[in-house]
Amino acid sequence: MLPLETVREFVLDRCPARTPVSVPVADALGLVTASEIISAEAIPQFANTAMDGFAVRSADVADAPCELRVVETIAAGHAPQVTVGPGEASRIMTGAIIPPGADAVVMVERTSIVPDDSRDGAAEIVRVEVSVPPGNHVRPAGDDLHAGAHVFGVGTELTAGHLGVLCSLGMTEVKVFPRLRVGVLSTGDELVDDGSPLRPGQIRDSNRRTLLALAHRVDVVPVDLGLAPDDPDRIEAAIATGIDTCDAMVTSGGVSMGDFDYVKSVLDRIGDMAWMQVAIKPAKPLAFGTVGDVPVFGLPGNPVSSMVSFELFARPGLRSMMGHADPVRPTVMATAAEDLPRRADGKTHFMRVLATPRDGGVEVRSAGGQGSHMLWAMAKANALAVVPDGDGVRAGDPVDVLLLD
Ligand code: AMP
Ligand code: MG
């Protein structure tokens, strides 16, 4: 058996980042930047008000309360037309340009309009209740980013906030590592995927939906390659479709030592594959290699094994191809809230657990049955406890965990 780290290095070495491309910002969520983002513009571009209120000369309100003549109303998106002179103020809405002459804003809640029925078209008068320092409620130009600023470095994963910044800078395209298309194929004579009644020996295909969903979470385009029976021609045809249309492939089943494990024989014939026994439980067998330049992950068919195998090998490999500098999920230190027993077998066990916050840390307890066919407990788990070889972890002991998405 090979250590997990050795196998993962092997996988990562064969999953280099793809050639960068420019994509619309609208399509860039979850992608990784391939060039540095420099701001071409200041944000904000002009000094503006953070509050609805009145733009004033701070010197005029030093002895507040006082009264000022209202000379203009400035809405967001409209340029001021009037300079604020001594004894004057402009009504101003959040985000509008600070007018020339004014150097501070008094929020509307600290003002009142002087009632004057006989004004006859004369200027409105505002009563200001408080004195304010220069710059009060003013957001200066460049307050968030100055022009020429280094905004995001190469290797930044673009989240919702990042996309907003790119839009603020007027960018419509961004250079990134491309989003992968990842094909997912289920194999097995026993599998049914149309909800029809099961004949003897049949089971329902759960892995394909799960693996497509896990792929989605890695921000790739999941491509459903369907279900192939244990027939070498049908398996080869499905894999060929995947190789033609995808950047990477994930198969489920048919990679063990059984008589009808044809994924193994097909991939051996058309690809450059390594068949590995990893010192982990679940997910000991892993087939990984390339067909042409398309990485193929041959995951075991047991539902929990396929998910754990995806987490430990496919996810890092796909993230590496998409330019992530840190493709492997980091572990965090947790405390076992109950015994997590296991037997010594030379393997690291990835136990399905529920992680909850506790006293500023994380505590974990078993999510249920730990068999590699027990998908229910895997579905309820939100973390995998990394339990080293030995007889397990006692309640109160520290344990490393992978916090799943
Ligand atoms: P295999 O890796 O093909 O030897 O399959 C191992 C176990 O996983 C068997 O019990 C299969 O019936 C089961 N299995 C294989 N593929 C799937 C699938 N797509 N969905 C659910 N169970 C599966
Ligand atoms: Mg099978």
Side-chain angles (χ1 to χ4, degrees), residues 2 4-21 30-32 34 176-187 207-208 210-226 228 235-256 261-278 280 283-301 305-329:
L2 299 165
L4 169 64
E5 295 311 326
T6 307
V7 175
R8 195 147 54 199
E9 283 306 311
F10 180 85
V11 168
L12 291 175
D13 280 351
R14 285 157 186 77
C15 290
R18 290 303 198 234
T19 307
V21 292
L31 299 181
V32 173
V176 289
F177 296 97
R179 198 182 297 282
L180 303 177
R181 289 170 57 82
V182 177
V184 176
L185 173 69
S186 273
T187 69
N207 289 354
R208 187 153 43 103
T210 298
L211 292 170
L212 287 164
L214 289 174
H216 180 79
R217 282 277 185 265
V218 188
D219 292 311
V220 303
V221 179
V223 178
D224 187 351
L225 297 172
I235 289 172
E236 182 167 353
I239 292 177
T241 302
I243 300 305
D244 283 351
T245 58
C246 299
D247 305 295
M249 260 192 82
V250 176
T251 66
S252 142
V255 296
S256 303
D261 285 340
Y262 293 121
V263 175
K264 188 168 173 149
S265 53
V266 168
L267 282 175
D268 256 340
R269 185 151 42 75
I270 65 174
D272 176 13
M273 300 297 294
W275 304 90
M276 295 171 278
Q277 302 290 316
V278 194
I280 58 173
K284 184 171 81 154
L286 175 73
F288 174 75
T290 49
V291 178
D293 65 349
V294 176
V296 179
F297 298 86
L299 308 187
S305 305
S306 75
M307 286 187 78
V308 170
S309 203
F310 186 97
E311 165 66 25
L312 298 180
F313 304 109
R315 181 179 184 275
L318 298 174
R319 281 171 58 84
S320 166
M321 292 173 75
M322 294 222 299
H324 288 273
D326 53 349
V328 178
R329 195 190 300 277

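The distance from the OG atom of Ser305 to the CD1 atom of Ile280 is 8.5 Å, given to the nearest 0.5 Å. Atom CD1 in Ile243 sits 6.0 Å away from atom CD1 in Ile270 (nearest 0.5 Å). Here the CZ atom belonging to Arg18 is positioned 5.5 Å from the CG atom belonging to Asp293, to the nearest 0.5 angstrom. Note that CZ of Phe177 and CE of Met321 are 12.5 Å apart. Values are rounded to the nearest 0.5 Å. Rounding to the nearest 0.5 Å gives a distance of 6.5 Å between CG of Leu185 and OG1 of Thr251. Once rounded to the nearest 0.5 Å, the distance linking OG1 of Thr187 with OH of Tyr262 reads 12.0 Å.
At distances below 3.5 Å, not a single donor-acceptor pair connects side-chain atoms of Arg181 with backbone N or O atoms of Val223. Asp261 places a side-chain N or O within 3.5 Å of a backbone atom of Ser256 that can act as its donor or acceptor partner. Remark: the backbone N or O of Phe10 is paired with a side-chain donor or acceptor of Arg14 at under 3.5 angstrom. In terms of modelled atom types and a separation under 3.5 Å, the side chain of Ser252 and the main chain of Gly301 share no donor-acceptor contact. Remark: side-chain polar atoms of Arg319 are not paired, donor with acceptor, to backbone N or O of Val218 under 3.5 angstrom.
At a threshold of 4.5 Å between non-hydrogen side-chain atoms, the residues Leu214 and Arg315 do not count as touching. Using a 4.5 Å heavy-atom threshold, the side chains of Phe310 and Leu318 count as touching. A 4.5 Å side-chain heavy-atom check between Met249 and Leu225 finds at least one atom pair inside the cut-off. Contact of the Pro327 side chain with the Leu12 side chain is registered, since non-hydrogen atoms from C-beta on lie closer than 4.5 Å. When side chains are defined from C-beta on, Pro285 counts as touching Gln277, because their heavy atoms get closer than 4.5 Å.
Listed here is the closest heavy atom pair of Asp268 and Met273: OD1-CB, 4.1 Å. Closest approach of Ala238 and Ala228 over heavy atoms only: CB-CB, 4.5 Å. Shortest non-hydrogen contact noted between Pro300 and Asn207 is O-ND2, 4.4 Å. Residues Ala34 and Pro20 approach most closely at CB-CB, 3.5 Å, considering heavy atoms. Gly292 and Thr290 get closest at one heavy-atom pair: O-CB, 3.6 Å. Between Val255 and Lys264, the closest heavy-atom pair is O-CD, 4.3 Å.
With salt bridges taken as basic N to acidic carboxylate O contacts below 4.0 Å, none links Arg179 and Asp247.
If you run side chain to side chain contact (heavy atoms under 4.5 Å, CB included) between Arg208 and each of Ser186, Pro222, Ser306, only Ser186 comes through. For the side chain to side chain contact (heavy atoms under 4.5 Å, CB included) criterion with Phe313, the lone passing option out of Val278, Val328, Leu299 is Val278.
Ring orientation note: the planes of Phe288 and Phe297 are tilted relative to one another, at an angle of 30° to 60°.
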Residues Val294, Cys246; criterion side chain to side chain contact (heavy atoms under 4.5 Å, CB included); working and verdict: CA-CA 8 Å; Val294 176; Cys246 299; 5.5 Å; no
